[in-house]
Amino acid sequence: MTIFRAPKGTTDVLPPDSQRWRDAYRIFDELAEQFGYGLVLTPMFEDTEVFARGVGGDTEVVEKQMYTFTDKGGRSVTLRPEATASVVRAAIQAGGVQGRLKASYWGPMFRYERPQKGRLRQFYQGGVEYLGSSTPESDVEVIEFGYRYLERMNVPDVEVRVNSIGDPADRARYESEIRAFLNDRYEDLSDDAKRRVVSNPMRVLDSKADAEVVAGAPKPDQFLGSEASEHFAAVREGLESLAIPYSLDSSLVRGLDYYNRTVWEYVPTRYDAAQSSVGGGGRYDGLFEVLGGKPTPAVGLAMGVDRILLASRGETGEPLLDAYVVLVDESRRSDARRLVSELRNASLRVDLTDVTRSVKAQFKEADRRRAAAVLVIGDEWAAGRVAAKDLASGEQSEIETKEIIAWLQARSSRLVRESSGSSMPETR
RNA sequence: GUGGCCGUAGCUCAGCUCGGUUAGAGCACCUGGUUGUGGUCCAGGAAGUCGCGGGUUCAAAUCCCGUCGGCCACCCCA
């Protein structure tokens, strides 16, 4: 009997590793609420056209990375390679955006690629979309969101790279310039780049294979119209006022066709994988129309959870249980069971063994499960007491059963969560 | 789609070059080291179709061919 494996490019996450994923989601969700983003749920697959049109026909993603298949009704559907197109489709379906809609999402995305470090066929993104706003203020907020998330996720030395690729008219002027530039050096270009000279010349900028040729090429930020230019200046000013460090990267264009004006990426400089970007975003004022909606300005980002976890400092070693209950004598099992039930109902994380084991083995288990404390149910139970031991300090005392909850709460790391990274900028 | 490296216990790997007695180690796991106490230490134990298929040979984890899988890089992106 052969053992089944997770499909190529997918991976299982099991305890205790999965604890980091739980934390990653909790922190993301909490931050989204703090920033005022509501949750949006969309299908994990869509009509293929949603992505073909939404993401852009000449992108790598659409050309060869889509998980597309025909369902039993003969429809062509595609597992989502990213979520922005879905969120916009959903907003249009719901009647369009009145005023503002701030949405956040979290979940698996799918791209058919050769897997490597930080690149899987099923990977996870958490993202936010600020729909209905054209202000630089909204760009700044979304950029800040990603930056704060990485801070809270303990990803060290993050560089925020920003650029502006202008509005469609700016881009048209720019494209004719760079097309001419590339045509002059046509023979030096890679095959991919040659093809893009016609279809999407700006994308040649982020081709590593053509880096040398491209180094001297004109850059999109030299062609910004006055509106895009002012917008970009305001975005940069906003980042500075929030003390968010960033660098200008004039060859940053990003691989999805729907972007205009501001684009950015988060790159941890001490991360040792080829797939260096852990998140990115941009403004996409034209996307609603492409998908058949009313013109609606918007800006959003996506954070790559898998890569953030690779880049973040590992385990904190925090307790995973508030208490482990040790049962000295099987005869008191039903008492132990009731105690555990009561503690769990008080929102404490508590567990105990389901089989008869030595006290020593149970203590070992408590340690392995990273319990903060052990409660021993033995002879003292008859007198209404338990032995309570703090596993970190090794201190042990007998306490009254009615004091247990208060005793544990005083030690719970979870209930007293410290507010991380209070880097309030100076007020002027 | 292209290239490189690697598949031996649950995990990380040694052994393979110069084929030869019961295939090893560390970690993890289980049980003990007397009375109800972990994280350290000591002793013992359980655990492997040597990825799979074929070939060469008296004999293959070891040599040859094929195949499947994994990892990393290119490409691209989260």
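Throughout, protein chains are lettered first and strands after them, A, B, ... in sequence-line order, and every chain is numbered starting at 1. Basis for what follows: all heavy atoms, side chains included, without hydrogens, waters or symmetry-related copies.
Nucleotide B/rU31: paired with B/rA43 (Watson-Crick or G-U wobble, both distances less than 3.5 Å). Base pairing analysis places B/rG69 opposite B/rC6; the two distances defining the Watson-Crick or G-U wobble pair are each below 3.5 Å. Pairing partner, B/rG36: none, since no Watson-Crick or wobble contact has both distances short of 3.5 Å. Nucleotide B/rA23 is matched to nothing when pairs are restricted to Watson-Crick or G-U wobble geometry with both distances under 3.5 angstrom. Taking a pair to require two hydrogen-bonding distances under 3.5 Å in either a Watson-Crick or a G-U wobble arrangement, B/rG1 pairs with B/rC74. B/rA14 is unpaired under the criterion used here, namely a Watson-Crick or G-U wobble arrangement in which both key atom distances are under 3.5 Å.
In this model, no side-chain donor or acceptor of A/Gln65 finds a partner on the base of B/rG1 within 3.5 Å. One donor-acceptor pair, N or O on each side, does fall under 3.5 Å between the base of B/rG3 and the side chain of A/Arg114. Between the side chain of A/Gln396 and the base of B/rU37 there is at least one donor-acceptor pair of N/O atoms closer than 3.5 Å. With hydrogens and angles ignored, no donor-acceptor pair closer than 3.5 Å exists between the side chain of A/Asp367 and the base of B/rG39. Side-chain N/O atoms of A/Gln116 and base N/O atoms of B/rC75 include a donor-acceptor pair closer than 3.5 Å. With hydrogens and angles ignored, no donor-acceptor pair under 3.5 angstrom links the side chain of A/Arg119 to the base of B/rA78.
Taking only side-chain nitrogens and oxygens, A/Arg203 comes nearer than 4.0 Å to OP1 or OP2 of B/rC77.
The environment of A/Phe35 atom CZ is dense: over 12 non-hydrogen atoms of other residues, nucleotides or ligands sit within 6.0 angstrom.
Side chains of A/Thr356 and A/Glu330: a donor-acceptor N/O pair is present below 3.5 angstrom, by distance only. Side-chain contact check for A/Tyr37 and A/Glu141: at least one donor-acceptor pair (N or O, by modelled atom type) lies under 3.5 Å.
Comparing A/Ala392 and A/Glu365, the nucleotide of RNA chain B nearest to each residue sits closer to the 5' end for A/Glu365. Residue whose closest nucleotide on RNA chain B sits further toward the 5' end, between A/Val328 and A/Phe123: A/Val328.
A/Lys117 comes within 4.0 angstrom of the backbone, heavy atoms only, and of no base. Here A/Asp379 lies in heavy-atom contact (under 4.0 Å) with a base. Residue-level contact check: A/Gly394 touches the bases, meaning some heavy atom is under 4.0 Å from a base atom. Base engagement by A/Glu380 is indicated by at least one non-hydrogen atom pair under 4.0 Å involving a base atom. Within 4.0 Å (heavy atoms only), A/Ala387 reaches at least one base atom of the nucleic acid.
B/rC41 and B/rC5 have their C1' atoms separated by 40 Å, with the value rounded to a whole Å. Between B/rC72 and B/rU34, the two P atoms lie 48 Å apart (nearest whole Å). For B/rG44 and B/rU12, the P atoms lie 27 Å apart once the distance is rounded to whole Å. Atom C1' of B/rU57 sits at a distance of 43 Å from the matching atom of B/rC74, rounded to the whole Å. Only the C1' atoms considered, B/rC13 is 33 Å distant from B/rC58, to the nearest whole Å. Taking the C1' atom of each, B/rG15 and B/rU8 are spaced 9 Å apart, rounded to whole Å. On the P atoms, B/rC18 is 48 Å away from B/rC77, given to the nearest whole Å. A gap of 11 Å separates the P atoms of B/rC27 and B/rA43, to the nearest Å.
In this structure, the NZ atom of A/Lys364 is 12 Å from the P atom of B/rG33, given to the nearest Å. Rounded to whole angstrom, the span from the CG atom of A/Asp390 across to the C1' atom of B/rU37 amounts to 14 Å. A/Met109 places its CE atom 14 Å from the C1' atom of B/rC77, with the value rounded to the nearest Å. Look at CD on A/Glu113: it is 10 Å from C1' on B/rA78, rounded to the nearest Å. Between A/Leu120 atom CG and B/rC72 atom C1' the separation is 13 Å, expressed in whole Å. The distance between atom CD of A/Glu398 and atom C1' of B/rG36, rounded to the nearest whole Å, is 12 Å. In this structure, CG of A/Leu252 is placed 14 Å from P of B/rC76, rounded to the nearest angstrom. Spacing between atom CD1 of A/Ile308 and atom C1' of B/rA78 amounts to 8 Å, rounded to whole angstrom units.
For A/Arg357, the side-chain atoms get nearest to B/rC30 when compared with the rest of B/rC30, B/rC77, B/rA73. Nearest to the side chain of A/Lys360, among B/rG33, B/rC77, B/rC30, sits B/rG33. In the set B/rC72, B/rU37, B/rG70, the nucleotide with an atom closest to the side chain of A/Lys8 is B/rG70. Candidate nucleotides B/rA78, B/rC72, B/rG36 were compared by shortest atom distance to the side chain of A/Ser277, and B/rA78 ranks first. In the set B/rG36, B/rG38, B/rA78, the nucleotide with an atom closest to the side chain of A/Val376 is B/rG36. Distance from the side chain of A/Gln125 is smallest for B/rA78 among the nucleotides B/rG36, B/rA78, B/rG38. Distances were taken from every side-chain heavy atom of A/Phe363 (C-beta onward) to each of B/rA73, B/rG38, B/rG36; the shortest belongs to B/rG38.
For A/Phe28 and A/Phe145, the gap between ring centers is short of 6.0 Å.
Put simply, the residue from A/His231, A/Arg236, A/Arg261 that forms a side-chain hydrogen bond (donor to acceptor under 3.5 Å, both in side chains) with A/Asp139 is A/His231.
Stacking annotation: A/Tyr124 is not stacked on the base of B/rA78 (requires ring centroids less than 5.5 angstrom apart and an interplanar angle below 30 degrees).
Distance alone, capped at 3.5 Å, is enough to place a donor-acceptor pair between the A/Thr48 side chain and the A/Ser76 backbone. Listed for the A/Thr78 side chain is no donor-acceptor partner under 3.5 Å among the backbone atoms of A/Arg80. The backbone N or O of A/Ser18 lies less than 3.5 Å from no partner atom in the side chain of A/Arg22, so there is not a single donor-acceptor pair. Proximity of a side-chain donor or acceptor of A/Arg171 to a complementary backbone N or O of A/Gly166 within less than 3.5 Å is not detected.
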